[in-house]
Undergrad: 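Submitted below is the structure of interest, expressed as structure tokens.
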Amino acid sequence: MAILELRHVSKFFGGLAANSDVSFEVPVGTIMGLIGPNGAGKTTLFNCITGYYPPSKGEIVFDGRAMNGLLPDKVCKLGMARTWQKVRPLTNLPVLDNVIVGALCRTRSVRDARRIAQEQLHIVKLEGKAHLLAGALPIGERKKLEVARVLATKPKLLLLDEVMGGLNPAESEEIIQLILDIRKEGITQMVIEHDMKAIMRLSDRIVVLNSGEKLAEGSPDEIVNNPQVIEAYLGAES
Ligand SMILES: Nc1ncnc2c1ncn2[C@@H]1O[C@H](COP(=O)(O)OP(=O)(O)O)[C@@H](O)[C@H]1O
Ligand SMILES: [Mg+2]
């Protein structure tokens, strides 16, 4: 069963088609990799899926429900959460409070929210930093905080936008393990990432965007052996 379905989604900024007639389905419980060159429209597609922009054309169906026009807070309540390519913690609040803000999506009780937040900090191994200001964390820990914040909203579908960007190999490995652990919990994920080794390990299927259009879709093996993908994206990487 598909938890997310995109039907002919386009997003125009003036004359620019940042997304153009993109269709695919994400089966429940799987990890869908989303790759493509810079400017291909990956982040814009996340913005359309999660309600930050209404698509210019097409339809997005999440969990059996058409999403078009729903705003991000409503989308989050329905069970979708995303991280930002440029992490945006509330820098003047402690790490714990940042995660409590996410948990308050599910409960009005601050005590319950604190408990949920502490669980999430434990999962991302930041419980020892709970009382530091978020602004004091180095980038690797900010990325983990970002994941804890979205997990605290108890999503069914998690969208991660370059969550390994700027991390060293050890930090990236931690995030990879975290993503695999999240899958074990049954949470569906879409992952934008440039590191092909990571994307190959993580993804059940991969969608490739190029100039806003879906260039290819398939298993990791199919994608790395697809001549069009090699020409448009992978060739340029090496
Ligand atoms: N809010 C916006 N207004 C105008 N153009 C935008 C906006 N957001 C993205 N774009 C343009 O859309 C294209 C796709 O951008 P983006 O989705 O960020 O690509 P990617 O995440 O794949 O690098 C780029 O040409 C970018 O400049
Ligand atoms: Mg992007």
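One-based numbering, in listed order, for ligands and for the atoms of each.
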Undergrad: List the closest protein heavy-atom neighbour of atom 3 (N) of ligand 1: residue, atom name, distance to the nearest 0.1 Å.
TA: F13 CD2, 3.4 Å
Undergrad: So which bit of L16 gets within less than 4.0 Å of ligand 1, heavy atoms only: side chain, backbone, both or neither?
TA: side chain
Undergrad: Just checking, R82 and Y52: is the charged tip under 6.0 Å from the six-membered ring centre and within 45° of the axis?
TA: yes
Undergrad: Quick check: does any side chain N or O of N225 sit under 3.5 Å from a backbone N or O of D221, one acting as donor and the other as acceptor?
TA: yes
Undergrad: Between Q85 and T43, do the side chains contain an N or O donor and an N or O acceptor separated by less than 3.5 Å?
TA: yes
Undergrad: Can you list, by chain and residue number, the protein N, O or S atoms under 2.8 Å from the Mg ion (ligand 2)?
TA: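 Counting only protein N, O or S atoms under 2.8 Å from the Mg ion (ligand 2), the list reads T43 OG1, Q85 OE1.
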Undergrad: Report the nearest protein non-hydrogen atom to atom 24 (C) of ligand 1: residue, atom name, distance rounded to 0.1 Å.
TA: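 Its nearest protein heavy-atom neighbour is G39 O, 4.1 Å.
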Undergrad: Working note: I175 + K144, criterion side chain to side chain contact (heavy atoms under 4.5 Å, CB included); need CA distance, chi angles, decisive distance, verdict.
TA: CA-CA 8 Å; I175 296 277; K144 291 202 276 183; 4.0 Å; yes
Undergrad: Hey, is atom 15 (O) of ligand 1 under 4.0 Å from any protein heavy atom?
TA: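 Yes; the ligand atom in question has protein heavy-atom contact below 4.0 Å.
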Undergrad: The test is side-chain hydrogen bond (donor to acceptor under 3.5 Å, both in side chains); show your working for D21 and S10 and say whether it passes.
TA: CA-CA 5 Å; D21 197 24; S10 296; 5.4 Å; no
Undergrad: Is there a heavy atom in F46 that sits closer than 4.0 Å to ligand 1?
TA: no
Undergrad: Would a line drawn from the ring center of Y53 to the ring center of F12 be shorter than 6.0 Å?
TA: no
Undergrad: Among L158, L202, D204, find the one that has a side-chain contact (heavy atoms from CB on, under 4.5 Å) with R183.
TA: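 Going through the options one by one, the only one that passes is D204.
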Undergrad: Can you check whether A81's main-chain N or O pairs, donor with acceptor, with T153's side chain at less than 3.5 Å?
TA: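 The answer is no, because no donor-acceptor pair under 3.5 Å joins these two groups.
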Undergrad: Test your reading of the structure: does G41 have an N or O sitting under 3.5 Å from an N or O of ligand 1?
TA: yes
Undergrad: Determine, using heavy atoms of G36 and all atoms of ligand 1, whether some pair is separated by less than 4.0 Å.
TA: no
Undergrad: When rounded to the nearest 0.5 angstrom, what distance separates CE in M190 from OG in S203?
TA: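 Atom-to-atom, M190:CE and S203:OG are 9.5 Å apart.
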Undergrad: Which atoms of ligand 1 sit under 4.0 Å from any heavy atom of T44?
TA: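 Every atom of ligand 1 under 4.0 Å from some heavy atom of T44: 9 (C), 14 (C), 15 (O), 16 (P), 17 (O).
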Undergrad: Within ligand 1, which atoms have a heavy atom of N38 less than 4.0 Å away?
TA: 23 (O)
Undergrad: About how many Å separate SG of C48 and CG of L6, when rounded to the nearest 0.5 Å?
TA: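 With rounding to 0.5 Å, CG (L6) is 8.5 Å from SG (C48).
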Undergrad: Taking only Lys NZ, Arg NE, NH1 and NH2, and the carboxylate oxygens of Asp or Glu, determine whether K125 and E174 approach each other closer than 4.0 Å.
TA: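 Result for this pair is no, no salt bridge flagged.
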Undergrad: Of the protein's non-hydrogen atoms, which lies at the shortest distance from atom 1 (N) of ligand 1, and what is that distance?
TA: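 Ranked first by proximity to atom 1 (N) of ligand 1 is Y53 OH, 3.0 Å.
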Undergrad: T43 to ligand 1: N or O pair under 3.5 Å?
TA: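 Yes, at least one N or O pair falls under 3.5 Å.
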